[in-house]
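FYI, side chains are in, hydrogens and waters are out, and symmetry mates aren't considered; it's all heavy atoms of this structure. Throughout, numbering of the chain's residues begins at 1 and tracks the sequence. Treat the numbers as computed from the prediction; the structure is a model and nothing was measured.
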Amino acid sequence: MTAQPVEPHRPHPRTQDEIGAALPPSQRMAFYRDMGSADEHEIAGVLRRWRLRLELYSDPATARTHAEVQQGVAPGRALSAVLRERGRP
């Protein structure tokens, strides 16, 4: 058994230009809107949030999990069912 990763390591985008280039076109404009409206105190948070989204988008399990949820075959239970069982609306 080996400890080699299944997929080669790719560094995650870290700068505004790298993140913008890595996003799908449907998300890119929202990223630039967020960047444009952020002040000096918010800018790092915007970059961090979008960098985390990129990691989520690039994970092959994300699409598989989404499809399982849509088909109703994902493991786990719906939050609404748990809340109903606990007597919360």
Side-chain angles (χ1 to χ4, degrees):
M1 181 170 215
T2 178
Q4 293 296 319
V6 176
E7 294 185 21
H9 172 70
R10 292 172 298 197
H12 294 288
R14 300 193 62 79
T15 68
Q16 178 180 351
D17 288 341
E18 291 172 347
I19 293 170
L23 285 167
S26 61
Q27 297 288 319
R28 195 170 296 140
M29 287 310 296
F31 167 68
Y32 285 122
R33 269 194 306 276
D34 285 354
M35 289 298 294
S37 64
D39 66 20
E40 64 184 277
H41 304 289
E42 300 167 329
I43 207 91
V46 171
L47 284 172
R48 188 174 23 262
R49 214 172 20 256
W50 281 94
R51 196 169 65 239
L52 290 173
R53 286 183 184 178
L54 272 176
E55 289 180 31
L56 181 65
Y57 296 153
S58 66
D59 185 350
T62 300
R64 186 174 52 250
T65 302
H66 179 70
E68 290 173 354
V69 168
Q70 294 299 321
Q71 296 167 5
V73 296
R77 299 179 337 156
L79 175 61
S80 58
V82 173
L83 291 176
R84 270 196 309 276
E85 290 172 7
R86 292 182 176 208
R88 297 181 183 171

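Annotation: the span from L23 atom CG to Y32 atom OH amounts to 8.0 Å, rounded to 0.5 Å.
Among pairs with a residue in residues 75-85, those fulfilling salt bridge (charged side-chain N to carboxylate O under 4.0 Å, His left out) read R77-E85, at least two apart in sequence or across chains. Sorted by first and then second residue, the ring pair (Phe, Tyr, Trp, His ring centres under 6.0 Å) pairs involving residues 69-88 (not counting sequence neighbours) form an empty list.
Residues that satisfy the salt bridge (Lys or Arg N to Asp or Glu O under 4.0 Å) test with E40, not counting sequence neighbours, are absent from this structure. Remark: M35 pairs with Q16, F31, I43, V46, L47 by the side-chain contact (heavy atoms from CB on, under 4.5 Å) rule, at least two apart or across chains. Q27 is linked by a side chain to side chain donor-acceptor pair (under 3.5 Å) to Y57, counting only residues two or more places apart in sequence or in another chain. For T15, the side-chain contact (heavy atoms from CB on, under 4.5 Å) criterion is met by D17, E18, not counting sequence neighbours. In terms of the side-chain contact (heavy atoms from CB on, under 4.5 Å) criterion, residue partners of R86 (sequence neighbours excluded) are, by chain and number, V82. Listed by chain and residue number, W50 satisfy the side chain to side chain donor-acceptor pair (under 3.5 Å) test with D34 (two or more places apart in sequence, or in another chain).
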With a cut-off of 3.5 Å and sequence neighbours excluded, list every side-chain donor-acceptor pair involving residues 67-76.
none

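Annotation for I19 and P13: closest pair N-CB, 3.8 Å, computed over non-hydrogen atoms.
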